[in-house]
Amino acid sequence: WHNGGGVNGATLQRDILHAASGNASLKLTNARMGGNFAAVARDEPYSPRRHPIVRFDYRVPHDLRVDLVVGLDDGRKVTVKFTDFDHTWPVIGEFPDIQQDLKWHQAQMNLLKALSAHGAGDQFVTSLTFASGGFPGVSEGLTWWIDNFTVFARIQPQQSDRSKPGGKVLSPAPDTAACPDEMRVT
């Protein structure tokens with residue numbers, strides 16, 4: 001994980017007070033009104049044919065406006081709707097039933113299915129970035145949390161089964177107070 005917009009991007013911190021599971025979550029704070037509030041979850045190319053499922057736990061306020069922006073190897077960017085309501089980039093899908101109540105919930109979607117439905121199933125994903133797409137943006141100081149961000153090879157059981165996942169779990173590094181520029185992949 002790292003900031004995706006410089007001074008206009010998200011400030012990232014390891015938060016030991018709010019975690020969906022384990023010891024910590026990633027706290028994202030908007031440093032500047034009108035910025036893109038971007039946080040890059042992944043910037044290494046991968047095949048969604050091998051790892052089609054994106055899943056994470058989230059804790060968001062009612063006024064958060066960010067979506068998952070997916071970079072493709074042909075240079076295009078497409079959006080999976082999360083909480084934003086504009087359409088800066090072409091929309092290919094959505095995370096269903098998002099609840100903006102500052103409680104922990106889980107989001108999951110089949111990225112390959114969404115890409116394939118829009119003629120991009122053969123593309124490699126080059127980046128996964130949470131960002132706000134347009135006016136009026138996100139309020140300065142607004143915060144949300146994400147935990148257990150995972151790209152899976154197959155659909156995993158939801159919530160009741162927290163056994164070892166079949167994918168890579170991207171989470172904050174243990175025993176670090178804060179890391180605004182980059183989080184370790186474990």
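Excluded from the calculations below are hydrogen atoms, water molecules and symmetry mates; all remaining heavy atoms, backbone and side chain alike, are included. One-based numbering along the sequence shown.
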Would you say the side-chain atoms of [X] pair up with the backbone N or O of [Y], donor to acceptor, closer than 3.5 Å?
X     : Y      : answer
Asp84 : Gly133 : yes
Asn36 : Ser132 : no
Glu94 : Val80  : no
Thr83 : Val66  : yes
Ser47 : Arg49  : yes
Ser25 : His18  : yes

Residues, nucleotides or ligands: over 12 heavy atoms within 6.0 Å of Asn23 CG: no

Neighbour count above 12 (heavy atom, 6.0 Å) for Asp97 CG: no

message: Could you check whether any side-chain heavy atom of Val151 comes within less than 4.5 Å of a side-chain heavy atom of Leu111, counting everything from C-beta outward?
response: no

- request: Give me the other members of the hydrophobic cluster that Leu102 sits in, counting Ile, Leu, Val, Met, Phe, Trp and Tyr linked by side-chain heavy atoms under 4.5 Å, directly or via other members.
  value: Trp104, Trp145

message: Can you list, by chain and residue number, the hydrophobic cluster partners of Phe124 when the side-chain cut-off is 4.5 Å?
response: none

Return the [atom1] to [atom2] distance between [X] and [Y], rounded to the nearest 0.5 Å.
X      : Y      : atom1 : atom2 : result
Thr126 : Glu44  : OG1   : CD    : 11.5 Å
Phe56  : Asp147 : CZ    : CG    : 11.5 Å
Leu72  : His118 : CG    : NE2   : 12.0 Å
Asn148 : Arg55  : CG    : CZ    : 8.0 Å
Trp1   : Phe149 : CH2   : CZ    : 5.5 Å
Thr11  : Asn30  : OG1   : CG    : 8.0 Å

So if you build clusters from Ile, Leu, Val, Met, Phe, Trp, Tyr with side-chain heavy-atom gaps below 4.5 Å, do [X] and [Y] land together?
X      : Y      : answer
Leu112 : Phe95  : no
Val60  : Met109 : yes
Ile146 : Leu128 : yes

- request: Assert yes or no for the condition that the ring centre distance of Phe82 to Tyr58 is strictly below 6.0 Å.
  value: yes

Looking at every non-hydrogen atom in both residues, tell me the closest pair between [X] and [Y] and how far apart they are.
X      : Y      : answer
Ala39  : Leu12  : CB-CD1, 4.2 Å
Gly141 : Thr29  : O-CG2, 3.8 Å
Ile98  : Ala107 : CD1-CB, 4.0 Å
Leu64  : Gln100 : O-NE2, 3.2 Å

- prompt: Who pairs with Lys81 by salt bridge (charged side-chain N to carboxylate O under 4.0 Å, His left out), at least two apart in sequence or on another chain?
  reply: Asp67

- request: State which residues pass salt bridge (charged side-chain N to carboxylate O under 4.0 Å, His left out) with Arg76; sequence neighbours excluded, sorted by chain then number.
  value: Asp74

- prompt: Testing Leu68, Val125, Val70, Val91 for side chain to side chain contact (heavy atoms under 4.5 Å, CB included) with Val78, which one passes?
  reply: Val70

field: For Asn8, all residues meeting side chain to side chain donor-acceptor pair (under 3.5 Å), sequence neighbours excluded
entry: none

- request: State which residues pass ring-ring contact (aromatic ring centres under 6.0 Å, His included) with Trp89; sequence neighbours excluded, sorted by chain then number.
  value: none

- request: Evaluate the side chain to side chain contact (heavy atoms under 4.5 Å, CB included) criterion for residues Thr129 and Lys77: first the C-alpha distance (whole Å), next the side-chain angles of each, then the deciding distance (0.1 Å), finally the verdict.
  value: CA-CA 10 Å; Thr129 303; Lys77 290 185 178 181; over 6 Å; no

- prompt: Using a distance-only test with no angle check, is there a side-chain donor-acceptor pair under 3.5 angstrom linking Asp57 and Ser21?
  reply: no

